[in-house]
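In the text below, chain A, chain B and the rest are named by the order of the sequence lines, each starting its count at 1. Basis for what follows: all heavy atoms, side chains included, without hydrogens, waters or symmetry-related copies. As the structure is a computational prediction, the values presented were derived from the model and not from experiment.
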Amino acid sequence: MPELPEVETVVRELRPRLVGRRIAAVEIGRHSLRRPWSPDWTALLLGQRVDDVARRGKWIVVGLKGGLRLVIHLGMTGQLLVRPTKQPLAPHTHLVVSLDRGREQLRFRDVRRFGSATLFADGERLDRFFDEAGLGPEPFDLCPDYWRSRLAGTSRCLKAVLLDQRVVAGVGNIYADESLFEARLHPTVLGREIDSRQAERLRRAVVTVLNRAIEQRGSSIRDYVGGSGARGEYQKEFRVYGRPGEPCPRCRTPVERIRLAGRSTHFCPRCQRAC
DNA sequence: ATAGGCGCCTGCTGGC
DNA sequence: TGCCAGCAGGCGCCTA
C-alpha cells in the first residue's frame, strides 16, 4: 500500500517525535509478520536512544545511537505511529516500543501482515541487506544515463519496470500509473521501444509526481495514515489511478483499466501513446 | 529474461 | 438480508 510518498511522510512526521528518545520497553504481538522477530532483538533495543529516522525506497530506518538499525516495511496496510500509552492499542498492533518513561509509544500496526520489522546490528549490515536485495537508486537521484540504459536493455513493459524495486526504489502501483500519465506514455510500451527523449520525460514525470504527492503527505485510500495519524490528501489529485470510466482530465476520453504485471493499471488510451 | 500465477493475510464492496 | 467472488498502496517464489 504505502509507496515512497507515504513512507517519506511517516519518516518526516516520526523524526521529531522519536529523535533523542530512549527505548524503555519493547513488546511483540503473537502473530508473525513477513519476517520473524528474533527474541534477542528486544534485549538489544532496551535502553538505546534514537539517533535518526530515515527512508530508503519503501523502507523506514530507525537509527539508534549505538549503531543498531530498526527497519520497518509497511507492506500493504502498515501504520507506524507515536501514540500516548494511555490510548488503547488498536487491533492488529504487532510491535510496541515504549519511549522514555513510558508516557508515549511507537506502535506498528498492520492488518494484513505483509509488513515487517527487523533489527540490524549496524548500518553496514543494513547496506549489505539492501545490496543483496538489489535495491535500486532513489528516484530523485536517478542518473539519466542509467535510467535510459535500463529501459533500453529490457523487453518488459514500462509499468513492470517502474514497479521493479531493483531498477528504481519506491514506486508502487499508484505512482507508476500517475507517472506514466504525466509522461504521456502507455503502460504496455516496452522499455526498449522508447527513445531517450521519452525516457527522460518519464524520469522527470516520476520525480514530479512523487514530489507532488509528498507535498500532500501521500495518498490515503483506506488504511494509510502518517506518523502522526493524519491522512494524506493526494488521492484527491489522482488523474487516472482508481478512476476507470471517468473522463481523462486532459482530453475527457474515459480512463481505461487493464491488468498488467499482475496489477490493476489505469491510463488514458488517447493521451498515452507509444510515441 | 520475462510473463503469469499463486501465496502470504484481512477486510470491504458489489452483485446476485 | 446474506453469501461469495473479487478486489486492495507489496513482494517473493515457482513454472513455462
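Looking at which nucleotide of DNA chain C each of A:Leu163 and A:Ser264 is closest to, the 5′-most match is held by A:Ser264.
Following rounding to the nearest Å, A:Asn173 (CG) and C:dC7 (C1') show an atom-to-atom distance of 12 Å. Atoms CZ (A:Phe238) and P (C:dA8) sit 13 Å apart, rounded to a whole Å. Whole-Å rounding puts the A:Ile221 CD1 to C:dC7 C1' distance at 12 Å. The CZ-P distance, from A:Arg166 to C:dG10, rounds to 16 Å in whole Å. The CZ-C1' distance, from A:Arg263 to C:dG10, rounds to 6 Å in whole Å. Rounded to an integer number of Å, the gap from A:Asp223 CG to B:dT13 P is 12 Å. At whole-Å resolution of the value, CG in A:Asp110 and P in C:dG10 are 13 Å apart. Distance CZ (A:Phe114) to P (C:dC11): 12 Å, rounded to an integer number of Å.
For the pair A:Ser155 and B:dA1, the criterion of a side-chain N or O lying under 4.0 Å from OP1 or OP2 is not met. Using a 4.0 Å cut-off, some side-chain N or O of A:Thr154 falls inside it from OP1 or OP2 of B:dT2. Between A:His92 and B:dG11 there is a side-chain polar atom (N or O) within less than 4.0 angstrom of OP1 or OP2. Taking side-chain N and O atoms only, A:Arg257 has a distance below 4.0 Å to OP1 or OP2 of C:dA8.
Relative to the side chain of A:Glu3, the nucleotides B:dC12, B:dT10, C:dG10 differ in distance, and C:dG10 lies closest. Here the nucleotide nearest the side chain of A:Gln165, chosen from C:dA8, B:dT10, C:dC11, is C:dC11. If you check B:dT10, C:dC11, C:dG10 against the side chain of A:Arg113, the one that comes closest is B:dT10. Closest to the side chain of A:His73, from the set C:dC11, C:dC7, B:dT2, is C:dC11.
Pairing for C:dG10 goes to B:dC8, judged as Watson-Crick or G-U wobble with the two contacts each under 3.5 Å.
In summary, of the residues considered (A:Ile258, A:Thr188, A:Val240), a side chain to side chain contact (heavy atoms under 4.5 Å, CB included) with A:Phe267 occurs for A:Ile258 alone. Screening A:Arg212, A:Arg204, A:Gln272, A:Arg201 for a side-chain hydrogen bond (donor to acceptor under 3.5 Å, both in side chains) with A:Glu182, the sole residue that qualifies is A:Arg212.
One cannot find a donor-acceptor pair under 3.5 Å joining the base of B:dC12 and the side-chain atoms of A:Arg222. At a cut-off of 3.5 angstrom, the base of C:dA8 holds at least one donor-acceptor pair with the side chain of A:Arg112.
A salt bridge links A:Arg12 and A:Glu8; the closest N-O separation between the charged side-chain nitrogens and carboxylate oxygens is under 4.0 Å. A salt bridge is defined here as a Lys NZ or Arg NE, NH1 or NH2 lying under 4.0 Å from an Asp or Glu carboxylate O, and A:Asp177 with A:Lys159 meets this definition.
At a threshold of 4.0 angstrom between heavy atoms, the contacts of A:Gly262 with the nucleic acid are absent. No engagement by A:Arg35 is indicated, since no non-hydrogen atom pair under 4.0 Å with the nucleic acid exists. Residue-level contact check: A:Tyr241 touches the backbone only, with heavy atoms under 4.0 Å from sugar-phosphate atoms and none from bases.
Annotation: A:Glu233, atom CD; neighbour count of heavy atoms from other residues, nucleotides and ligands within 6.0 Å is above 12.
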**OP:** Please assess A:Ser228 against A:Arg17 for the test side chain to side chain contact (heavy atoms under 4.5 Å, CB included), listing each intermediate value before the final yes or no.
**Re:** CA-CA 9 Å; A:Ser228 57; A:Arg17 292 170 166 83; 3.2 Å; yes
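C:dC4 sits 22 Å from B:dC9 when the P atoms are compared, rounded to a whole Å. Nucleotides B:dG5 and C:dA8 have their P atoms positioned 15 Å apart, rounded to a whole Å. C:dC7 and B:dC6 are spaced 13 Å apart, taking the P atom of each and rounding to whole Å.
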